[in-house]
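What follows is a set of notes on a single structure, which appears directly below.
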2 protein chains.
Amino acid sequence: MRMTPQRQLVLDALLELEHATPEQVCQHVQRATPTVNITTIYRTLELLEELDLVRHTHLGHGAPKYSVHEHEHVHLVCHRCGHVDESPRSVMDELSAVLRTAHGFELDAGHLALSGTCQSCAQETP
Amino acid sequence: MRMTPQRQLVLDALLELEHATPEQVCQHVQRATPTVNITTIYRTLELLEELDLVRHTHLGHGAPKYSVHEHEHVHLVCHRCGHVDESPRSVMDELSAVLRTAHGFELDAGHLALSGTCQSCAQETP
DNA sequence: TTAAGTGCAAACGGTTTGCATGGAT
DNA sequence: ATCCATGCAAACCGTTTGCACTTAA
């Protein structure tokens with residue numbers, strides 16, 4: 001693999017943006033180098049993910065979010081306001097164990113988000 | 001609301017198919033009535049969801065799955081083979097309580113799937 | 001001089017919109 | 001006469017593909 005300027009830019013963007021859609025990564029990269037094409041963003045994200053440098057999470061609607069593969073956490077998406085909160089992975093430990101024994105299922109807590117109603121939205125309609 | 005033939009067909013399809021994408025619902029409906037347009041499927045699914053007769057779940061990639069709003073369960077999606085298993089909602093009770101106290105987050109266990117590796121895929125690469 | 005990386009355009013799957021027609025009240 | 005529901009076509013967003021051009025090994 002060659003660490004081309006484009007690839008470095010994508011990685012830099014992810015380090016800065018924390019969680020970003022391919023589209024957002026592209027915009028960020030294009031501020032520095034406007035010629036970079038979104039196709040390259042997609043291809044680079046796929047590559048970086050194969051190298052385990054990057055992960056993506058499906059938040060429910062629309063495009064997935066990419067982030068550097070560190071500090072894993074669980075995503076809590078509010079389906080009313082769209083706000084995304086985070087919780088340490090450890091909150092899933094118990095569930096993880098249950099699913100393993102009951103289904104033989106190895107949970108990957110980071111990959112899919114949890115959906116629900118966030119605190120402030122829940123207060124609006126008590 | 002008027003229960004038109006099209007709407008009844010969509011509801012019937014969901015009762016029969018259990019979990020289906022809008023596309024799959026459409027194909028099923030069109031076997032009985034080929035003239036029904038996919039736009040109507042989308043509009044009807046949205047309507048039925050507002051009436052709480054129907055729910056949709058994001059399984060990660062591609063189109064969401066719709067089902068009649070009964071016997072709620074958690075979806076376990078294998079990100080290797082794509083297989084979807086189900087688990088009773090109660091497996092999330094503990095997590096649900098933790099998220100409520102720690103984040104004020106009201107978990108909606110049915111709406112988003114859990115991602116991981118299913119039993120048979122896990123055995124292939126032990 | 002071969003292979004990998006890129007940009008561009010075009011296709012794609014899934015979804016939404018605008019608009020004109022049709023039926024039920 | 002009005003309004004809701006439908007079909008159709010076109011636009012839309014996010015993503016992937018094919019292909020030609022470039023560049024580094």
Side-chain angles (χ1 to χ4, degrees), chain A residues 1-14 17 19-51 53-67 77 79 82 84 111-113, chain B residues 1-14 17 19-51 53-67 77 79 82 84 111-113:
Chain A
M1 202 269 299
R2 289 172 45 216
M3 190 45 116
T4 65
Q6 289 91 334
R7 289 175 178 171
Q8 190 61 56
L9 283 166
V10 169
L11 202 47
D12 290 347
L14 285 175
L17 295 174
H19 296 287
T21 62
E23 190 62 42
Q24 289 167 332
V25 172
C26 189
Q27 283 172 14
H28 189 98
V29 165
Q30 288 184 342
R31 279 209 279 279
T33 312
T35 61
V36 177
N37 192 274
I38 190 151
T39 308
T40 301
I41 307 291
Y42 278 105
R43 290 197 273 234
T44 302
L45 289 173
E46 191 185 359
L47 173 73
L48 295 176
E49 191 152 29
E50 274 164 23
L51 298 175
L53 293 173
V54 156
R55 268 179 125 327
H56 78 272
T57 303
H58 292 281
L59 257 33
H61 338 315
K65 297 273 197 172
Y66 285 78
S67 57
V77 183
H79 48 36
V84 179
H111 188 240
L112 284 181
Chain B
M1 206 268 299
R2 288 173 44 216
M3 189 47 112
T4 65
Q6 290 90 332
R7 288 175 178 171
Q8 190 61 56
L9 282 167
V10 169
L11 202 47
D12 290 349
L14 285 174
L17 296 174
H19 297 287
T21 62
E23 190 63 41
Q24 290 168 332
V25 171
C26 190
Q27 282 172 16
H28 190 98
V29 165
Q30 288 183 341
R31 280 209 279 279
T33 313
T35 61
V36 176
N37 193 274
I38 191 151
T39 307
T40 302
I41 307 290
Y42 278 105
R43 288 196 274 233
T44 302
L45 289 173
E46 191 185 359
L47 173 72
L48 294 177
E49 191 152 28
E50 274 165 23
L51 298 175
L53 294 173
V54 156
R55 268 180 125 328
H56 80 271
T57 304
H58 291 282
L59 258 31
H61 339 316
K65 297 273 198 172
Y66 285 78
S67 57
V77 184
H79 48 37
V84 180
H111 188 241
L112 285 182

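Just so we're on the same page: letters track the sequence lines, and every chain starts at 1. What's counted below: heavy atoms across the whole structure, side chains too, no hydrogens, waters or symmetry copies.
- Identified under the side-chain hydrogen bond (donor to acceptor under 3.5 Å, both in side chains) test for residues 36-49 of chain B, with sequence neighbours left out: B:Asn37-B:Thr39, B:Glu49-B:His56.
- Rounded to whole Å, atom P of D:dT6 lies 10 Å from atom CD1 of B:Ile41.
- There is no side-chain donor-acceptor pair under 3.5 Å between B:His58 and A:His58.
- Between A:Thr40 and the phosphate of C:dG7, there is a side-chain N or O to OP1/OP2 separation shorter than 4.0 Å.
- Each of D:dT6, D:dC4, D:dC8 was ranked by its minimum atom distance to the side chain of B:Asn37; first place goes to D:dC8.
- When the side-chain hydrogen bond (donor to acceptor under 3.5 Å, both in side chains) test is applied to B:Gln8, the partners found at least two apart in sequence or on another chain are B:Asp12.
- Rounded to a whole Å, the CG atom of B:Leu9 is 14 Å from the C1' atom of D:dA5.
- Between the CD atom of B:Gln6 and the P atom of C:dG22 there is a distance of 15 Å, rounded to whole Å.
- With distances taken from any side-chain atom of B:Thr44 to the nucleotides D:dT6, C:dG7, C:dT6, the minimum falls on D:dT6.
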Identify each atom pair where a protein N or O and an N or O of nucleotides 11-21 of chain D are less than 3.5 Å apart, giving names and distance.
| from | atom 1 | to | atom 2 | distance (Å) |
| --- | --- | --- | --- | --- |
| D:dT15 | OP2 | A:Tyr42 | OH | 2.5 |
| D:dT15 | O5' | A:Tyr42 | OH | 3.2 |

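- As a whole-Å value, the separation of A:Leu45 CG from C:dG5 P is 15 Å.
- Residues meeting the side chain to side chain contact (heavy atoms under 4.5 Å, CB included) test with B:Val29, sequence neighbours left out: B:Leu9, B:Val10, B:Ala13, B:Val25, B:Val36, B:Ile41.
- Among residues two or more places apart in sequence or in another chain, the side-chain hydrogen bond (donor to acceptor under 3.5 Å, both in side chains) test is passed with B:Gln6 by none.
- The phosphate of C:dG23 has neither OP1 nor OP2 within less than 4.0 Å of any side-chain N or O from B:Arg2.
- Once rounded to the nearest 0.5 Å, the distance linking CD of A:Gln27 with CD1 of A:Ile38 reads 8.5 Å.
- Partners of B:Thr35 according to the side chain to side chain contact (heavy atoms under 4.5 Å, CB included) rule, which considers only residues two or more places apart in sequence or in another chain, are B:Thr33.
- Rounded to an integer number of Å, the gap from NE2 of A:His58 to P of C:dG14 is 14 Å.
- In this structure, CD of B:Gln30 is placed 12 Å from C1' of D:dG7, rounded to the nearest angstrom.
- Counting to the nearest Å, the P atom of C:dG14 and the NE2 atom of B:His56 are 15 Å from each other.
- For the pair B:Leu51 CG and D:dA5 C1', the interatomic distance rounds to 14 Å; values are reported in whole Å.
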